[in-house]
Amino acid sequence: MSASESAYRRIWAVVLGIPRGRVATYGQVARLAGFPNHARLAGYALHALPDGSPVPWHRVVNAKGEVSPRRDGSGHDRLQRLMLKREKVRFDGRGRISLAAFRWRPTVRP
DNA sequence: CCACTGACGAGTG
DNA sequence: GCACTCGCCAGTG
């Protein structure tokens with residue numbers, strides 16, 4: 001059990017809170033998990049996610065509103081777009097999501 | 001220990 | 001808006 005594993009769990013817990021039809025950015029997720037300026041950590045945590053977990057990893061995109069291309073040929077980026085479209089998330093002609101319209105804004109409650 | 005890479009992002013020109 | 005640099009952390013060789 002490495003120290004980073006608990007960091008992963010905190011990242012996953014945040015992602016678990018993203019509702020259907022909304023997206024969050026890697027930087028946003030990291031910040032909400034208590035790791036400001038550690039966007040890459042969020043990406044790494046999602047990459048390490050076990051198969052079949054309830055964490056909606058597909059609702060996390062990069063700061064440009066794009067689905068980050070996978071370099072490992074897994075094709076998960078294509079699957080991600082598919083799942084988002086199924087949730088009625090709209091992509092423009094360049095394959096980008098309007099963050100102004102679909103970004104998740106967590107409600108701050110006392 | 002060092003170099004390099006990767007589901008990233010802010011800053012600069 | 002695009003290309004580039006730098007900062008960040010973890011894993012690999």
Side-chain angles (χ1 to χ4, degrees):
Chain A
M1 186 79 109
S2 60
S4 63
E5 213 163 316
S6 66
Y8 287 177
R9 292 182 190 286
R10 293 175 67 177
I11 301 274
W12 298 340
V14 171
V15 176
L16 215 39
I18 308 174
R20 251 180 119 261
R22 296 263 151 191
V23 298
T25 67
Y26 293 98
Q28 180 183 4
V29 168
R31 183 166 46 76
L32 291 172
F35 304 100
N37 304 117
H38 290 64
R40 295 194 83 150
L41 185 61
Y44 214 92
L46 295 185
H47 188 245
L49 208 53
D51 246 9
S53 86
V55 178
W57 53 270
H58 61 285
R59 297 181 188 142
V60 184
V61 299
N62 63 32
K64 293 181 284 191
E66 300 170 329
V67 167
S68 290
R70 305 305 195 268
R71 328 267 166 177
D72 55 7
S74 61
H76 286 175
D77 46 351
R78 194 178 136 284
L79 173 64
Q80 182 173 3
R81 269 192 273 279
L82 208 63
M83 295 176 82
L84 286 176
K85 284 180 182 175
R86 215 181 64 183
E87 296 185 355
K88 306 287 195 284
V89 172
R90 303 289 219 83
F91 290 79
D92 66 13
R94 298 198 219 92
R96 295 178 18 182
I97 301 167
S98 168
L99 290 180
F102 293 100
R103 180 180 171 124
W104 173 46
R105 293 188 180 72
T107 312
V108 187
R109 61 180 107 67

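Protein chains get the first letters and strands the later ones, always in sequence-line order, with residue 1 at the start of each. The figures that follow rest on heavy atoms only: side chains count, while hydrogens, waters and symmetry mates do not.
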Q. Rounding to a whole Å, what distance do you find between His47(A):NE2 and dT12(C):C1'?
A. 13 Å

Q: For His38(A), report the nucleic acid contact type (base, sugar-phosphate, nothing); a contact means any heavy atom under 4.0 Å.
A: sugar-phosphate

Q) Do Tyr26(A) and Leu41(A) come within less than 4.5 Å of each other through their side chains, counting heavy atoms only? A) no

Q | 4.5 Å side-chain heavy-atom contact, Arg20(A) and Pro56(A) | A | no

Q. OH of Tyr8(A) versus P of dC9(C): gap in Å, rounded?
A. 13 Å

Q) So do the side chains of Tyr44(A) and His38(A) get within less than 4.5 Å of each other, counting heavy atoms only? A) no

Q: Figure out the CG/C1' separation between Asp77(A) and dG6(B), and round it to whole Å.
A: 14 Å

Q.
With a 4.5 Å cut-off on side-chain heavy atoms, are Leu84(A) and Phe102(A) touching?
A. no

Q) Of Arg94(A) and Tyr44(A), whose closest DNA chain C nucleotide lies nearer the 5' terminus? A) Arg94(A)

**Q.** Trp12(A) vs Leu46(A) side-chain heavy atoms within contact, under 4.5 Å
**A.** yes

Q. Quick one: side chain to side chain donor-acceptor pair (under 3.5 Å) pairs with a partner in residues 78-88 of chain A, sequence neighbours left out?
A. His58(A)-Glu87(A), Arg59(A)-Glu87(A), Arg70(A)-Gln80(A)

Between protein and nucleotides 8-12 of chain B, what N or O pairs are separated by less than 3.5 Å?
| from | atom 1 | to | atom 2 | distance (Å) |
| --- | --- | --- | --- | --- |
| dC8(B) | OP1 | Ser68(A) | OG | 3.3 |
| dC8(B) | N4 | Arg40(A) | NH1 | 3.1 |
| dG9(B) | OP1 | Tyr26(A) | N | 3.3 |
| dG9(B) | OP1 | Gly27(A) | N | 3.3 |
| dG9(B) | OP1 | Ala63(A) | N | 3.3 |
| dG9(B) | OP2 | Ala63(A) | N | 2.6 |

Q | Rounded interatomic separation in angstrom, taking CD1 from Ile11(A) and P from dC8(C) | A | 17 Å

